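The shown structure was predicted, so the numbers you read here are calculated from the model rather than taken from an experiment.
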There are 2 protein chains.
Amino acid sequence: MSDPIEYVRERLAQQDQRLTPQRETVLRVLLDHADTHLTAEEVYLEARNRAPELGLATVYRTLDLFARLGVVRRLDAGEGVARYEFHPEGAGHYHHHLICLECGQILEFEQDLLDRVERAVERETGFRVVDHSLLLFGLCPNCQKPSDGDGDRPRSDREASGPA
Amino acid sequence: MSDPIEYVRERLAQQDQRLTPQRETVLRVLLDHADTHLTAEEVYLEARNRAPELGLATVYRTLDLFARLGVVRRLDAGEGVARYEFHPEGAGHYHHHLICLECGQILEFEQDLLDRVERAVERETGFRVVDHSLLLFGLCPNCQKPSDGDGDRPRSDREASGPA
DNA sequence: CTTCCTGCAAAGGGTTTGCACGCCT
DNA sequence: AGGCGTGCAAACCCTTTGCAGGAAG
């Protein structure tokens, strides 16, 4: 897949669906923020700069469409909002997420070790594993500094809702 | 911790809080369903049979309290509802969850391999990992049977919301 | 009597849906 | 024409919150 946009256009065409201007705008927003994990609202705000008449419902419908199409992944870190990232199925390995309980920042990391876990599970339970979600909660390097020395863990109780 | 109820009572007392009849009811419901992962609504309905005047808000407040106390774990599988299970912190190893995309059933399994992942992450990123959530999505043995042979994966698109 | 706790009802916030109109084939 | 797709606003649903009354130390 050299051009993600054309790739998505074709995947849509296979189902007699079109990459409309609105959908393309949403897609471009995601591509332009490949390093982050945007909420629907954030996508909406950004997309609006480029296509002012676009509606939030369309953003939701588009993200949902892309997710079902397998080109976007939905990430639910238990914050009460879903986050989205461009990530076509089968495009290399899974990546997992590190979520800072203090500032909410989300980092990614690659790890293949999970394959072993999955296979063990399949063997032991008969479950057929199709996908997974691994979230690690903790404190990013920055947020470890401030109050670093007292026994009180700065576990912000309300936000980021902690481990899901 | 031989008696979970007394354990919780003491934990609460440490913070000048009480194990009220309502809270005890909620706790008992959780204990009586240790094998499942109830939603707040389900806890509420069950608890109501035992204490009809109990309100849903109290159930939410209690579950939240227990979660902050570390005796209950909140599980968010991206369904749009949170699920809760009695699971005191430090009571043995983590357990993870297997979620059937077809019937929504949630199985648990134990795995320690994640410690290695966590330590690798801490070393490589400087993140301090405090907790984690591992969800495996797939098909339980039962749901593999029905349409087992056609290429069509019975990936129920709407429910269980798929991988989070 | 002061603090903790509850029930009720209302508010809140993210997401979905109904509907009428527009667009592309 | 016949779908597909969109915008708007309303509807939904889970969860939280404000408030006034109650119970416990």
Side-chain angles (χ1 to χ4, degrees), chain A residues 8-9 11-27 37-45 47-48 50-69 72 74-84 104 157-162 164, chain B residues 8-27 37-45 47-48 50-69 72 74-84 157-162 164:
Chain A
V8 173
R9 192 193 308 283
R11 299 277 276 105
L12 283 168
Q14 288 166 12
Q15 309 188 12
D16 292 312
Q17 293 179 304
R18 290 168 262 153
L19 185 62
T20 63
Q22 289 92 333
R23 290 176 180 173
E24 186 173 333
T25 301
V26 169
L27 180 54
H37 306 74
L38 303 174
T39 65
E41 185 86 27
E42 288 166 348
V43 171
Y44 171 62
L45 292 175
R48 270 205 135 190
R50 316 182 186 190
E53 69 306 326
L54 185 145
L56 180 55
T58 298
V59 172
Y60 274 106
R61 281 189 284 235
T62 301
L63 291 171
D64 189 57
L65 173 66
F66 287 170
R68 277 182 285 116
L69 209 62
V72 156
R74 186 182 185 133
L75 174 75
D76 190 335
E79 304 162 290
V81 243
R83 294 184 172 275
Y84 302 85
D157 265 330
R158 187 87 320 179
E159 296 123 21
S161 118
Chain B
V8 172
R9 192 192 309 282
E10 281 163 32
R11 299 279 274 105
L12 283 168
Q14 288 166 12
Q15 311 187 12
D16 292 312
Q17 294 179 303
R18 291 169 261 149
L19 186 62
T20 63
Q22 290 92 333
R23 290 176 180 173
E24 185 172 334
T25 301
V26 168
L27 180 53
H37 306 74
L38 303 175
T39 65
E41 183 86 28
E42 288 165 350
V43 171
Y44 171 62
L45 292 174
R48 269 204 135 191
R50 315 183 186 190
E53 71 304 328
L54 184 146
L56 179 56
T58 298
V59 171
Y60 274 107
R61 281 188 284 235
T62 301
L63 291 172
D64 189 57
L65 172 66
F66 286 171
R68 276 182 287 117
L69 209 62
V72 156
R74 186 184 185 130
L75 175 75
D76 190 336
E79 303 163 291
V81 243
R83 294 183 172 275
Y84 302 84
D157 265 330
R158 188 85 318 181
E159 295 122 22
S161 117

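Among the nucleotides C:dC5, C:dG7, D:dT6, the one closest to the side chain of A:Arg61 is D:dT6. Candidate nucleotides D:dC19, D:dC8, D:dT6 were compared by shortest atom distance to the side chain of A:Ala57, and D:dC8 ranks first.
In this structure, B:Glu24 places its CD atom 13 Å from P of D:dA24, rounding to the nearest Å. Per the geometry, CG belonging to B:Leu19 stands 13 Å off C1' belonging to C:dC4, to the nearest Å. When the C1' atom of D:dC4 is taken as reference, atom CZ of A:Arg68 falls 13 Å away, rounded to whole Å. Remark: P of D:dA23 and CD of B:Gln22 are 11 Å apart, rounded to the nearest angstrom. If you take CG of B:Leu45 and C1' of D:dC14, they are 14 Å apart, rounded to a whole angstrom. Atom P of nucleotide D:dC14 and atom CG of B:Leu38 are separated by 15 Å, given to the nearest angstrom. Counting to the nearest Å, the C1' atom of D:dC8 and the CG atom of A:Leu54 are 13 Å from each other. The nearest whole Å value for the distance from the CD atom in A:Glu53 to the C1' atom in D:dG5 is 13 Å.
Side-chain nitrogen and oxygen atoms of A:Thr20 include at least one within less than 4.0 Å of the OP1 or OP2 phosphate oxygen of D:dT6. Between A:Gln17 and D:dC4 there is no side-chain polar atom (N or O) within less than 4.0 angstrom of OP1 or OP2.
Residue A:His37 holds its NE2 atom at 11.5 Å from CD of A:Glu42, rounded to the nearest 0.5 Å.
Mapping B:Arg48 and B:Gln15 onto DNA chain C by nearest heavy atom places B:Gln15 at the nucleotide closer to the 5' end. When each of B:Val59 and B:Asp16 is assigned the nucleotide of DNA chain C with its nearest heavy atom, B:Asp16 is the one assigned upstream, toward the 5' end.
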Every protein N/O lying under 3.5 Å from an N/O of nucleotides 12-15 of chain C:
{"from": "C:dG14", "atom 1": "O3'", "to": "A:Gly80", "atom 2": "O", "distance (Å)": "3.4"}
{"from": "C:dT15", "atom 1": "OP1", "to": "A:Ala82", "atom 2": "N", "distance (Å)": "2.8"}
{"from": "C:dT15", "atom 1": "OP2", "to": "A:Tyr60", "atom 2": "OH", "distance (Å)": "2.5"}
{"from": "C:dT15", "atom 1": "O5'", "to": "A:Tyr60", "atom 2": "OH", "distance (Å)": "3.3"}

Polar pairs (N or O, both sides) under 3.5 Å between protein and nucleotides 20-25 of chain C?
{"from": "C:dC24", "atom 1": "O4'", "to": "A:Arg18", "atom 2": "NH1", "distance (Å)": "3.3"}

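The side-chain contact (heavy atoms from CB on, under 4.5 Å) with B:Tyr84 is formed by just one residue from the set B:Leu63, B:Leu38, B:Asp64; it is B:Leu63.
Every residue two or more places apart in sequence or in another chain was checked for a side-chain hydrogen bond (donor to acceptor under 3.5 Å, both in side chains) with A:Arg61, and none qualifies. Here B:Arg50 pairs with B:Thr25, B:Arg28, B:Val29, B:Asp32, B:Glu46 under the side chain to side chain contact (heavy atoms under 4.5 Å, CB included) rule; sequence neighbours left out. Listed by chain and residue number, nothing satisfies the side-chain hydrogen bond (donor to acceptor under 3.5 Å, both in side chains) test with B:Tyr60 (two or more places apart in sequence, or in another chain). In this structure A:Arg9 satisfies the side-chain hydrogen bond (donor to acceptor under 3.5 Å, both in side chains) test together with A:Glu6, sequence neighbours excluded.
Minimum interatomic distance between A:Tyr44 and A:Leu56 (heavy atoms only, all atoms of both residues): CE1-N, 3.3 Å. Closest non-hydrogen pair, A:Ala40 versus A:Val59, comes out as O-CG1, 3.7 Å.
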Show me the side-chain donor-acceptor pairs of residues 10-19 of chain B shorter than 3.5 Å, one per line, residues at least two apart or across chains.
{"from": "B:Arg11", "atom 1": "NE", "to": "B:Tyr7", "atom 2": "OH", "distance (Å)": "3.2"}
{"from": "B:Arg11", "atom 1": "NH2", "to": "B:Leu69", "atom 2": "O", "distance (Å)": "2.6"}

